[in-house]
Structure formats: structure tokens, C-alpha cells
Amino acid sequence: MFEKFVKEVSNSISKALEEIGSEIDVKSSEELFMFLSLEESKYCDLASSISFKLAKKLKKNPMEIASEISENMEISSNLISSYEVKNGYLNFFVSEDYLQEVLKRIEKENEYYGYIGRKGKVILEHTSANPNGPLHIGHARNSVIGDSLRRILNTAGYEVETHYYVNDMGRQMAIVTWGMRKYGVKEIKGDHAIGEIYVRANSEIEGNEEAEREVNEILKKYEEGDPQISSELRKAVEIALRGIKETLEKMKVHHDVFIWESEFVRNGEVERILEELKNRCEVFEEDGALLLRLDDEKVVLRRSDGTSLYITRDIAYHKYKCTHSDLCIDILGADHKLISSQLSKILKILGVKTPKVVTFEFVSLPESSMSTRKGVFISVDEVMERMIERAYEEVSSRRSDAPEEFRRDVAKKVGIGAMRYDLIRVMRDKPMVFSWEEALDFEKQGAPYIQYSHARASSILRKAELKKIDEVDLSLLKEPQEVQLIKLLGKLPWIVHQICETFNPHILAGYSRDVADLFNEFYRDLPVLKAEEPLSSARLHLVLCTKIVLRNSLNMLGIDAPEEM
RNA sequence: GGGCCCGUGGCCUAGUCAGGAUAGGGCGGCGGCCUUCUAAGCCGCAGGUCGGGGGUUCGAAUCCCCCCGGGUCCGCCA
């Protein structure tokens, strides 16, 4: 609803500007938003500092300009109640109609509230960790950003297809295959079993020329399609992948397609792309390898032994993704920035649309960065297990009367939710340091806090009978706690919009916490069930709307919203 | 050496893209609130050179330049 309000305010200011004779030509509402210098403000519901902007141009006092605009402004929208000029700002206020519209819309749209009419197909690739060990907490950041974006974009209206790109052709899988022959596979969760082999094989291979040669041989034979090697290597990938999938499922992370890298070699696409590149740009040989010149850097496209490289196969994969979608998104660690910019340059040469690359900084340990190869990492499995355990202790102490099954269920929802929330709440560009103390602290404002607010709202609704919204006098909701809460509830679609523009899902984490905050204040100060009619009924609808917004927000973050906890 | 990112009270963090009205939160600390809808909650107090220095501007956490600290990339690895 807030988007509508923004639009109405924009229109009013634009018209006033036209009256004054200021020339503007802005098409989209986003441009208008920027041009009119609209900002959310604590002094009003929407402020414009346009007069400051124009002051320079018109060589006039901002105050004068503001009053001039204000005098020429006409409000035709029922969503705007009033406006004022203050300190040079144009301050707009939302109307009572607006507040009621918010509540009605939320109930009407219910689980779809947050939809903003986006259209088109999105292919979103995320996680894509090499199947050479278990997912660690750094991979989890990728998964959580990717999966939250999938849910948010989907709510916005996009058709989203998520991909996990399985790197079965890399050197690391050859190393695993080599190690698997030597040590066999332990009877533990597949990804952990493969991880152990990988670490052990790596340390043994290092500096061992004989072993290095054997690994290269495995790689070459796999690419050639040698049946024996292929079946061994594929088996290793499958074992690891089975474990990874189990972990992802527990995290509530969903992938629609798992696509194997080798596919693009087998179907001849890699070869076709090399041919096309030869025709389109400067490709040359050096010591038997095939290279491409990009600006002042050189990119190797094929090894001297004839095998392909990651980037070459990635070109083929991206050609597929970008031609089969309206928007192609990659969620990648910040270390991939260079290679993805090279990839985009090559795609441009091929005349293919380029992907939107969404990067995130690493999660490290207090003492070092993580390394699958060295076996230095904290697995997501371990984090989930300990967080669920912690949550279980918590429910058990708070709800000692509740049945075991209930406590287990809540512990799982809270534990996983807390982990996801902690990974999503921080802006992607910021490096994070993982600490157990921090992870296991459920006292801070995190997922459990928001889930708890949802449970409180649910609890009230369980105890009351709800009248139809049209039969309730919503104008009774006048207390500041109520009004503020309603205003915030009205902003969910706006939040979704912002995330679609920036791919910054942490905005939603902050928003849902703010909703919980205001709801808790409302909850403390104003009785619902014990209020008199018809006020009680009106408040009940506010509780329902809050519940819907909290639930939808949590859903978009992949966090369960328990009815009771 | 070059590129990219980050640097906000003891700790974590929002705000930075699109410069504006007293820099928002949280954790930890201190002090309060359970005979009222779930206290995983609420209220109050203490705590800030927005890494440093220049510059642009009526106005800078936000834009530009330099420097410092941390991360990361610059392979016939992925």
C-alpha cells in the first residue's frame, strides 16, 4: 500500500512542479522517487527534499520553493490526508483511509501479500558447492541468500527456477576418485565421508609427482568418457551430493534442478563455443593451450592436454541459462568477482545476455578462514545440530509441560530459523566471523524473537472469534501503537520491491524484526481480548494482519512461523 | 605491485547506491515490570572523534582524493 502512497505523492508534487513551470520528464516511479528526493522520515510518512535540490538550479531559497510547490499542490488521493512545509521539506501524511486500506488489502491478499506484479522467468543459481565435502557455514551463507531471494522473487511475481551446478569435472573430484580407490568410503554421511577422503588425499598428493600424474590421468579419462573412471567418479559425486541434499533439505533450501557440469562437454556445447569464439575474436595457441585475449588479460580456454577448464564449461552453462530466462542470477562468493566479469565479457562477445551476479563476502572462523581442502571448517550439519539442541533446551525449560513431540518440533523450527536469520541479517558485502557463542545466543533479537511474536499473535487469534472485516469499525484503531504498526504492515510490498531492485535480502530481516518490535509494544500496552467491543474486534483484525505479515516475511526468509512455542 | 569489498559506542549491526531535519537497533552492563491476551516479552539508564586526513556542498556516515587497518582476487585450480 505504501507504494501506492508514494505514487500519489509523486504525482501531486510533479503536477505542482508543472504548474510552477519547472521542466521535468520522468517516466518510471523509481526515477520519480529519486528525482523528487522522496525519503521515509520520522517526522512524517513521506518527505521530499526536492526544494533543496531545486534551490541550486533556481537560485532561490529552499523554503520559498517549498511553499511555492505547496501552494500549487492539489491532493486528489484519498490516501493522503495532509501535507506541510517544514524546514524546507515537504512532509506528507497518510490518511485514515490509507490505514484501513492496508488492513483490508492484507487480509484479502493473505498469503500473497507482498506480491508486486513482477513478471518473467528467473533462473537463479546458488550454493553450487563442489561435491568434495560437506557444506560449511560459508556455503550456508550462499544458500540462505539464494534461497531467500528465490522466495522473495517468487512472492514478487516472478517464476523462479533454482539451479545447483554440480562441479563434477574439476580437479578436486579427480583427487577424491584417486583417494577413494586408496582408502575406500567410510560408512558415515556421504558428504562427510567424501570430505575426509579429500583432505587425506590432498595431503598425500602434495609434492608427490607420481600421484599428481595419476590425478591428471583420471581427469583426462573422465573428460574422454572412459567408462571405468566415469563410473567411479560419478559414484563419488553422488555419494557427496546425497549428503549435501540432505543438509539442504534440513535447512529448507530448495533447488529445482541439479545440473552436472560434464553435461556441457558431453553434448558438444563446449566445443561449439570454442569454435564460435575462434570466429568472433582473438583466440590463439600458446604451448599447446588455447587462449583468449580480453583487454589486457589472457584467459585459458583449453589445457595443453586438450581438457577443458572451468571457465569454458561455465560459458556453455551461462549461455544456456541466459537464453532460457528473462533474468539470470548467480549467487557467488566475492572471490568469484574477477572470473564472473571475465565470463560476462566473453558472453558479450558471443552476443548472449549477461547474468546478474550477486556476490557475498566470506564467513570466516575467529582464528582463520575456512578450507575444505585442509579440513578447516565448521559444517552446517554441526551448526544445525547444536542450534536445534540449544533451542530444545530453551523450549523445555519454558514449556516443561508440553509433550516431547511439540518440543522437538519447535526446537527444529527455532534452531534452523535462528541459523538462517543470522546468515541473512547482515549485508552481503560484509565479511562475517562465525562464533559459537554468537550463534547459540537466543536472547538477542533474531529469528526466535520474530517467531515468538508470531506465536503470540496466533495465540490471541486462537482464543477469539473473528468477525468479517467489513463488519468491523477499523477507524477505532487510533492509538499511536496501532497506527504505527499498521503503517509498517503497509510497507511489505515496498520492501519486496526494494529487494527486487537491490538483491539485498537483509532488508527483509530488518523489516520483520521491526514489525515484531512494534507488535510487542502494541501487545504490552493495548489489550485485545479484554478490550470492549467493538474495539476488540478491530484490534483482532490488526493482530491477524500482523500475523500474516510476520508469517509471509518469515516464509520469504525460509523460516518457519510456529503457531505456538 | 594492481583490482574489488569492508571499517559506525566494549562486541554485532542499520543507514552509504539516489548527500538533507537530534546517526537507528541489538548483545553485554546497570535499574525496573509477571493477579491482565505466551516474560523467547516490555520500560528506563549508561555508552559515539560514523578508521584518519584533506576536498566538494547551504548541508557529508553517505560523493571525490590520499593514507591506515582487515578480507579477497590476480593459475593450463574451481
Side-chain angles (χ1 to χ4, degrees), chain A residues 30-31 33-35 37-39 41-43 47 49 52-53 55-56 61-62 86-89 91 128 130 132 167 169-173 261 286-291 297 300-305 307 309-311 313-314 333-339 341 359-362 364 369 373 391 394-395 397-399 410 414 422 425-433 435 437-438 441-453 455-464 501-502 504 506-507 509-510 513-514 516-517 520-521 523-531 536 539-540 543 564-565:
Chain A
E30 285 100 82
E31 283 175 64
F33 186 82
M34 282 184 269
F35 182 83
S37 305
L38 295 174
E39 55 206 61
S41 160
K42 54 190 156 184
Y43 301 100
S49 55
F52 294 97
K53 289 264 146 46
K56 211 169 291 174
N61 186 323
K86 199 153 193 184
N87 301 336
Y89 288 87
N91 289 346
S128 301
N130 295 331
N132 60 348
N167 291 258
M169 295 212 73
R171 209 187 157 69
Q172 77 290 128
M173 284 324 293
E261 198 180 4
E286 204 174 273
D287 305 325
L290 197 65
L291 285 83
E297 50 201 342
V300 181
L301 296 173
R302 191 170 60 199
R303 292 193 185 90
S304 39
D305 69 358
T307 55
L309 281 121
Y310 174 78
I311 183 141
R313 299 180 300 250
D314 219 22
D335 56 334
H336 280 69
K337 278 183 183 178
L338 177 64
I339 197 159
S341 84
T359 59
F360 66 94
E361 287 290 336
F362 283 4
S364 59
S369 51
R373 187 168 52 82
E394 204 65 33
V395 215
S397 76
R398 290 169 204 275
R399 302 287 304 270
V410 171
V414 169
D422 286 347
R425 59 171 243 275
V426 180
M427 189 176 54
R428 290 166 9 220
D429 293 325
K430 282 202 204 232
M432 296 178 82
V433 178
S435 95
E437 197 193 351
E438 159 91 26
D441 176 14
F442 286 7
E443 292 304 308
K444 62 175 192 260
Q445 275 192 350
Y449 173 77
I450 303 161
Q451 289 172 313
Y452 181 73
S453 306
R456 273 179 151 181
S458 304
S459 166
I460 293 175
L461 291 163
R462 229 178 289 129
K463 292 179 180 147
E501 295 300 310
T502 62
N504 280 329
H506 77 279
I507 298 171
R513 186 207 52 222
D514 291 345
D517 255 342
N520 283 327
E521 279 168 39
Y523 182 93
R524 176 192 158 108
D525 298 335
L526 309 167
V528 177
L529 300 174
K530 289 184 174 135
S536 176
R539 286 190 179 155
L540 219 42
V543 173
E564 203 184 328
M565 66 186 268

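To find a chain, count down the sequence lines: A is the first, B the second, and so on, and within it residues start at 1.
Between the base of B:A40 and the side chain of A:N520 there is no donor-acceptor pair shorter than 3.5 Å. Donor-acceptor pairing under 3.5 Å, judged by distance alone, is absent between the side chain of A:S49 and the base of B:A21. Residue-to-nucleotide contacts include no donor-acceptor pair under 3.5 Å from the side chain of A:Y523 to the base of B:U36. Side chain A:S459 to base B:C37: no donor-acceptor pair is found below 3.5 Å.
Comparing A:D514 and A:T502 by the nucleotide of RNA chain B that holds the closest heavy atom to each, the one mapping nearer the 5' end is A:T502. Taking the nucleotide of RNA chain B with the nearest heavy atom to each of A:S37 and A:M565, the more 5' of the two is matched to A:S37.
Minimum atom distance to the side chain of A:K42 is reached by B:G24, of the listed B:G24, B:A14, B:A40. With B:U13, B:C5, B:C76 as the candidates, the nucleotide lying closest to the side chain of A:A289 is B:C76. When the nucleotides B:C5, B:G19, B:A78 are ranked by their closest atom to the side chain of A:I339, B:A78 comes out on top. When distances are taken from the side chain of A:E261 to each of B:C37, B:G71, B:A78, the shortest belongs to B:A78. The side chain of A:V410 lies closest to B:A40 when the candidates are B:U72, B:A78, B:A40. Ranking B:U13, B:C37, B:A39 by closeness to the A:K463 side chain, first place goes to B:C37.
Atoms CD (A:E521) and P (B:G25) sit 10 Å apart, rounded to a whole Å. Taking atom CD1 of residue A:I450 and atom C1' of nucleotide B:G26, one finds them 12 Å apart after rounding to whole Å. Protein atom NZ of A:K337 is 5 Å distant from nucleotide atom C1' of B:C4, rounded to whole Å. Here B:C77 presents its P atom at 16 Å from CG of A:L338, a figure rounded to the nearest Å. With rounding to whole Å, A:D429 atom CG is found 17 Å from B:U62 atom P. Distance CG (A:N504) to C1' (B:U13): 14 Å, rounded to an integer number of Å. As rounded to whole Å, 13 Å separates atom C1' of B:C77 from atom CD1 of A:I311. If you take CG of A:N87 and C1' of B:U22, they are 12 Å apart, rounded to a whole angstrom.
A:R399 has no side-chain polar atom (N or O) that falls below the 4.0 Å cut-off from OP1 or OP2 of B:A39. Under 4.0 angstrom from either OP1 or OP2 of B:A39 there lies no side-chain N or O belonging to A:R524. At least one side-chain nitrogen or oxygen of A:K430 sits closer than 4.0 Å to the OP1 or OP2 atom of B:A14. Remark: A:H506 is in phosphate contact with B:G15, judged by side-chain N or O atoms under 4.0 Å from OP1 or OP2. Under 4.0 angstrom from either OP1 or OP2 of B:A39 there lies at least one side-chain N or O belonging to A:R456. Side-chain N/O atoms of A:Y449 include none lying less than 4.0 angstrom from OP1 or OP2 on B:G25.
A:R171 comes within 4.0 angstrom of the backbone, heavy atoms only, and of no base. Nucleic acid contact for A:E443: sugar-phosphate only, since backbone atoms but no base atoms lie under 4.0 Å from a heavy atom of the residue. If you check every strand for non-hydrogen atoms under 4.0 Å, A:Q445 touches sugar and phosphate atoms only. Across all strands shown, A:G170 has heavy atoms under 4.0 Å from sugar-phosphate atoms exclusively, and none from any base. Using a 4.0 Å heavy-atom distance criterion, A:V300 is classed as a sugar-phosphate-only contact. Among the protein residues, A:D517 comes within range of the sugar-phosphate backbone only, with heavy atoms under 4.0 Å from sugar or phosphate atoms but none that close to a base. When heavy atoms are screened at a 4.0 angstrom cut-off, A:L526 is found touching base atoms of the nucleic acid. Residue contacts shown for A:A47 include a base, since a base heavy atom lies under 4.0 Å away. Nucleic acid contact for A:Y310: base, since at least one base atom lies under 4.0 Å from a heavy atom of the residue. Residue-level contact check: A:T307 touches neither bases nor backbone, having no heavy atom under 4.0 Å from any strand. At a threshold of 4.0 angstrom between heavy atoms, the contacts of A:V395 include nucleobase atoms, whether or not backbone atoms are also involved. Note on A:D441: only backbone sugar-phosphate atoms sit closer than 4.0 angstrom, heavy atoms only; bases stay farther off. Using a 4.0 Å heavy-atom cutoff across all strands shown, A:R302 reaches no nucleic acid atom at all. A:R313 comes within 4.0 angstrom of the backbone, heavy atoms only, and of no base.
In a base pair of the Watson-Crick type (N1 to N3 plus N6-O4 or O6-N4) or a G-U wobble (N1-O2 and O6-N3), with each distance short of 3.5 Å, B:A60 is matched with no nucleotide. Using Watson-Crick or G-U wobble geometry with both donor-acceptor distances under 3.5 Å, B:U22 finds no partner in any strand shown. Across all strands shown, B:G7 forms a Watson-Crick or G-U wobble pair with B:C68, both key distances being under 3.5 Å. In this structure, B:A46 makes no Watson-Crick or G-U wobble pair, since no nucleotide meets both defining distances under 3.5 angstrom. Figure legend. B:G75 is base-paired to no nucleotide; pairs are counted as Watson-Crick or G-U wobble with both atom distances under 3.5 Å.
A:H336 NE2 to A:S128 OG: the interatomic distance, rounded to the nearest 0.5 Å, is 9.0 Å. Here A:Q445 contributes atom CD and A:S453 contributes atom OG; the two are 8.5 Å apart, rounded to the nearest 0.5 Å.
With C1' as the reference atom, B:G1 and B:C63 are 28 Å apart, rounded to whole Å. Here, B:A61 and B:A23 have their C1' atoms 8 Å apart, quoted to the whole Å. Across the C1' atoms, B:G32 and B:C37 are found 23 Å apart, a figure rounded to whole Å. Spacing of P atoms, B:C73 relative to B:C27, comes out at 35 Å, to the nearest Å.
With contacts defined as side-chain heavy-atom distances shorter than 4.5 Å, the pair A:I460/A:L529 qualifies. Using a 4.5 Å cut-off on side-chain heavy atoms (C-beta onward), A:H506 and A:M427 make contact. Looking at A:R399 and A:E564, their side chains come closer than 4.5 Å, going by heavy atoms from C-beta outward. Under the 4.5 Å side-chain criterion, counting only non-hydrogen atoms from C-beta, A:F52 is in contact with A:P62.
Using a distance-only test at 3.5 Å, with no hydrogens or angles considered, no donor-acceptor pair links the side chain of A:D314 to the main chain of A:Y310. Of the possible donor and acceptor atoms, none in the side chain of A:R425 sits under 3.5 Å from a partner among the backbone N and O of A:A509. Remark: the backbone N or O of A:E443 is paired with a side-chain donor or acceptor of A:D441 at under 3.5 angstrom.
When every heavy atom of A:N167 is checked against every heavy atom of A:E261, the shortest pair comes out as CA-OE1, 3.2 Å.
Glycosidic conformation, B:C27: anti, with the torsion outside 90° of 0.
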